[in-house]
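Everything on this sheet refers to the single structure shown next.
Position 1 is the first residue of the sequence; numbering continues from there. All values reported here derive from a predicted model rather than from experimental measurement.
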Amino acid sequence: MPGTRNRSSYQQLNDEDFEGDEGNGQSQDSFDDVDEETVPAESNGNVRQEDEMRGKSPPRRFSKTCVKNVFTVLLIFIYLVLTAVAIFLAYQTISDFLNKLSQPVMSVSYKEVDSFSPPGIALFPNDAQLLSCKHHYHDNIPPLVDPGTPQEGDCEITEVTFFGPFTERKQKRAVVVRGPSDVKNKELIFMQFSQNETQEDFSAISYMLFAKFSDLIESANKSEFMRDCERNYSMWTFSGGFRTWVKMSLVKTSGRRSEAVEFRQESGVVKFNDKRSESEQTVQLFFVVFEWRDPYIQEIRLIVTANPWSSIGILCVVFMALFKAANFAKLTVKWIIKMRKRHLKHKARELNSIS
């Protein structure tokens, strides 16, 4: 009786547990327990070994390898960007150097002097006649005495005839006057010309300035010298019936191979109050004054700002960066190949152990 009661109660408990497992969806766990109990010892060892092999480090190792590969690719991308920037910097440096080499910068400086070398003042009066030429100081020009009549002068004058460079068949006459030199005491030259009635609508006298009067005196061929001056220097004019005040300034330009000298001028015009009789006014009068504007010589120098040594230094740094980037890329590729081989070796070893 006790054995029968125990058997029936065990069967009833077992049936209740089974029904409870079905209601709670946990029958699979009970089956697994049963399978584990019924599996032989040999097969149980193999299954546990497989589970241990699955739960081991390969997933972690794969994740670490993936992170390393992503990091390596990112580094390669950064070095490629830096290499592109270095190449662009090298190109920009070379182009800037060539641009500065072909386009020099103008440097302007002023040199103060007490006196200038006497310039040459070449006048082309055509039919006009030089009446007087005198030196004065401190802008003190005395009143005119008998304008229109020849007067005594103290200028050094040379007359030159030559054929112009642009009108070879027409002979020209130049009256060359030694210009003022004492800029400190404001030396000036006052000249007076006269011209009879002309058929032209406008009357003017052309003039030209060149650097040194002594160059004309010392030249072997004065005609050829004046011809070259007219080809290289600018021409100006002053009109009749006025006093034209010309203030000169000297500009020296130093280029790469040669130096050039030119004059710049400021001119002012004052009307002449003609007090002569009507019969005498048929002769037109010209008045001109030449003076230095200030005691400064303007010197213009062409300076090449391109420094080859700085450009070479920048290029050396750029090429060193390129070399380092190439070396790093080479080592990175070798490291990737090595890690790939190691990963394949570990994978083959795991497959061999599983089999």
> Passes side chain to side chain contact (heavy atoms under 4.5 Å, CB included), Phe238 versus Val269? Steps please.
Replying inline: CA-CA 9 Å; Phe238 58 93; Val269 178; over 6 Å; no
>> Counting C-beta onward and ignoring hydrogens, is there a side-chain heavy-atom pair between Met248 and Pro180 closer than 4.5 Å?
In response: yes
>> Rounded to the nearest 0.5 Å, what separates atom CD in Glu262 from atom CD in Gln298?
In response: 8.5 Å
> Between Asp154 and His135, is there a donor-acceptor pair closer than 3.5 Å when you use the side chain of the first and the backbone of the second?
Replying inline: yes
> Does any N or O in the side chain of Gln281 come within less than 3.5 Å of the main-chain N or O of Arg276, such that one atom is a donor and the other an acceptor?
Replying inline: yes
> Linking I/L/V/M/F/W/Y whenever any side-chain heavy atoms sit under 4.5 Å apart, do Trp245 and Ile121 land together?
Replying inline: no
> For Tyr137 and Glu187, which heavy atoms make the closest approach, and how far apart are they?
Replying inline: CE2-CB, 3.6 Å
>> Taking Tyr110 as the starting point, is it possible to reach Val251 by hopping between hydrophobic residues whose side chains are less than 4.5 Å apart?
In response: yes
> Are side-chain heavy atoms of Val288 and Ile205 found at a separation under 4.5 Å?
Replying inline: no
> Can you name the nearest heavy-atom pair linking Asp146 to Thr149, along with the distance?
Replying inline: O-OG1, 2.6 Å
> Which is it for Phe193 and Met191 under the side chain to side chain contact (heavy atoms under 4.5 Å, CB included) test, yes or no, and what are the steps along the way?
Replying inline: CA-CA 7 Å; Phe193 292 85; Met191 285 182 283; 4.1 Å; yes
>> Tell me whether Arg173 is salt-bridged to Glu159, with the criterion being a basic N under 4.0 Å from an acidic carboxylate O.
In response: yes
> Are any non-hydrogen side-chain atoms of Gln151 and Leu131 less than 4.5 angstrom apart?
Replying inline: no
>> Are Phe210 and Phe163 linked, directly or through intermediate hydrophobic residues, by side-chain heavy-atom contacts shorter than 4.5 Å (ILVMFWY only)?
In response: no
> Is the number of heavy atoms from other residues, nucleotides or ligands under 6.0 Å of Tyr296 OH greater than 12?
Replying inline: no
>> side chain to side chain contact (heavy atoms under 4.5 Å, CB included) for Val289 and Asp139? Distances and angles first, verdict last.
In response: CA-CA 10 Å; Val289 179; Asp139 300 339; over 6 Å; no
> If Ile, Leu, Val, Met, Phe, Trp and Tyr residues are connected whenever their side-chain heavy atoms lie under 4.5 Å apart, and connections chain through other members, are Val246 and Tyr233 in the same group?
Replying inline: no
>> With a 4.5 Å cut-off on side-chain heavy atoms, are Phe287 and Val270 touching?
In response: no
>> Within the structure provided, determine whether Lys172 and Glu230 are in side-chain contact (heavy-atom separation under 4.5 Å).
In response: yes
>> Has Ser194 got a side-chain atom pairing as donor or acceptor with Gly148's backbone, closer than 3.5 angstrom?
In response: no
>> Within the 4.5 Å heavy-atom criterion, are Leu209 and Phe290 side-chain neighbours or not?
In response: yes
>> What I'd like to find out is whether the side chain of Cys133 reaches to under 4.5 Å of the side chain of Ile189, using heavy atoms alone.
In response: yes
>> Between Val176 and Phe213, is there a side-chain heavy-atom distance shorter than 4.5 Å?
In response: yes
>> Between Phe124 and Phe225, is there shared hydrophobic-cluster membership here, with clusters defined by ILVMFWY side-chain heavy atoms closer than 4.5 Å?
In response: yes
> Just by distance, do the side chain of Asn99 and the backbone of Ser95 share a donor-acceptor pair under 3.5 Å?
Replying inline: no
> Can any side-chain N or O of Arg243 pair as donor or acceptor with the backbone N or O of Phe272 at less than 3.5 Å?
Replying inline: no
> For Lys222, does the NZ atom sit with more than 12 other heavy atoms under 6.0 Å from it, leaving out its own atoms?
Replying inline: yes
> Is the backbone of Ser223 close enough, under 3.5 Å, to the side chain of Asn221 for a donor and an acceptor to pair up by distance?
Replying inline: yes
> So Lys341 and Leu344, side chain to side chain contact (heavy atoms under 4.5 Å, CB included) or not? Walk me through it.
Replying inline: CA-CA 5 Å; Lys341 288 182 178 179; Leu344 293 175; 5.8 Å; no
